[in-house]
Structures are given as C-alpha cells and as structure tokens.
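Atoms within a ligand are numbered from 1 in the order they appear, just like the ligands themselves. All values below come from the heavy atoms of this structure, side chains included, with hydrogens, waters and symmetry mates left out. The residues of the chain are indexed from 1 along the displayed sequence.
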Amino acid sequence: MIAKLTDPERVAAFAELSAWQKVDGRDAMQRSFRFKDFVEAWGFMNRVALLAEKQDHHPEWSNVYNRVEILLTTHDCKGLSARDVTLARAIDALVGK
Ligand SMILES: C[C@H](O)[C@H](O)[C@H]1CNC2=NC(N)=NC(=O)C2=N1
C-alpha cells in the first residue's frame, strides 16, 4: 500500500510544483492548462495518457475545447502520494514547466 505524503513532504511538493494548487475538501492537487485550440489540447492529453499508463497512475481530468483540467490524487491511499508528485513533474516537463 502506497503511503500518503507526510506534512513536510506535502510542503516540499507544493513548493516545487508551484503551478499546482490544493483542492478544497480533497487531498489532491490540480492544475489548469490552456492551449491554442482543441487539437493542441487533445495532443497534450494523449501525451499525458501515455505517461499515466507507463506510471500506472491515472489523472482525474476534463477537457473543454482548448482547456484541460487535471486533478491528481491516489485512490489507493485516498490522498496525495509520491505517485502524484512523480506524475505532476512529468506533466510539467511536457509543457516546459
Ligand atoms: C490496479 C492499479 O495498479 C491501480 O488501481 C492503480 C491504477 N491507477 C491509479 N491512479 C490513481 N490516481 N490512483 C490510484 O490509486 C491508482 N491505482
């Protein structure tokens, strides 16, 4: 069973992943992305989907035209874990931050 992040790990994670925000009422992190159009947004989602499969860790997300909302949390521990940090880092690397 994967462990939830400790308080110091949580502080470090949100400091490092500064584009990600805490979520009201859930132990999760979220980030919004905006692209030129749907094709760009969909291309990004394809890349994230491949990362997620490779990491066996899957986002909760939605898309409206050129916007993509991603929420990361770990269902296995009902909260944030190191898996979310790893996936968030990889997603940030896809968009160059
Ligand atoms: C069986 C499979 O490895 C698990 O269900 C994985 C798949 N993807 C997952 N994704 C997320 N976000 N949380 C999980 O706990 C999780 N568990």
Side-chain angles (χ1 to χ4, degrees):
M1 173 62 106
I2 182 92
K4 279 194 205 189
L5 294 181
T6 63
D7 284 348
E9 285 169 343
R10 203 167 288 266
V11 170
F14 280 103
E16 176 197 338
L17 301 163
S18 57
W20 294 80
Q21 268 140 26
K22 294 181 186 170
V23 178
D24 277 350
R26 280 192 79 182
D27 190 21
M29 53 173 65
Q30 68 185 2
R31 181 172 176 185
S32 304
F33 300 85
R34 188 178 287 269
F35 299 92
K36 184 172 62 91
D37 55 23
F38 177 72
V39 171
E40 296 286 324
W42 185 249
F44 168 72
M45 292 177 83
N46 261 313
R47 294 196 295 279
V48 172
L50 293 175
L51 281 176
E53 265 305 284
K54 204 157 141 190
Q55 297 184 11
D56 190 29
H57 195 61
H58 301 88
E60 297 180 24
W61 58 359
S62 65
N63 159 242
V64 178
Y65 182 54
N66 65 337
R67 284 187 291 114
V68 179
E69 308 282 339
I70 298 184
L71 182 147
L72 300 178
T73 191
T74 301
H75 305 125
D76 291 348
C77 68
K78 298 186 171 61
L80 283 170
S81 75
R83 291 184 197 158
D84 299 302
V85 174
T86 301
L87 184 54
R89 276 192 193 120
I91 292 171
D92 281 359
L94 283 181
V95 295
K97 168 65 213 50

Determine which pairs satisfy ring-ring contact (aromatic ring centres under 6.0 Å, His included) with at least one residue from residues 44-66, sequence neighbours left out, and list them in order. Phe33-Phe44, Phe35-Phe44
Does Met29 reach the side chain of Leu80, with side-chain heavy atoms less than 4.5 Å apart? yes
When you check the side-chain N and O atoms of Trp20 and Asp84, is any donor under 3.5 Å from an acceptor? no
Write out all pairs satisfying salt bridge (charged side-chain N to carboxylate O under 4.0 Å, His left out) with one or both partners inside residues 60-81, taking only residues at least two apart or from two chains. Arg26-Glu60, Arg67-Glu69, Asp76-Arg83
Apart from Leu71 itself, which Ile, Leu, Val, Met, Phe, Trp or Tyr residues share its cluster (side-chain heavy atoms under 4.5 Å, direct or through members)? Val23
Any side-chain to backbone donor/acceptor pair from Thr74 onto Cys77? Under 3.5 Å, distance only. no
Which protein residues have a heavy atom under 4.0 Å from ligand 1? Asp56, His57, His58, Thr73, Thr74, His75, Asp76, Arg83
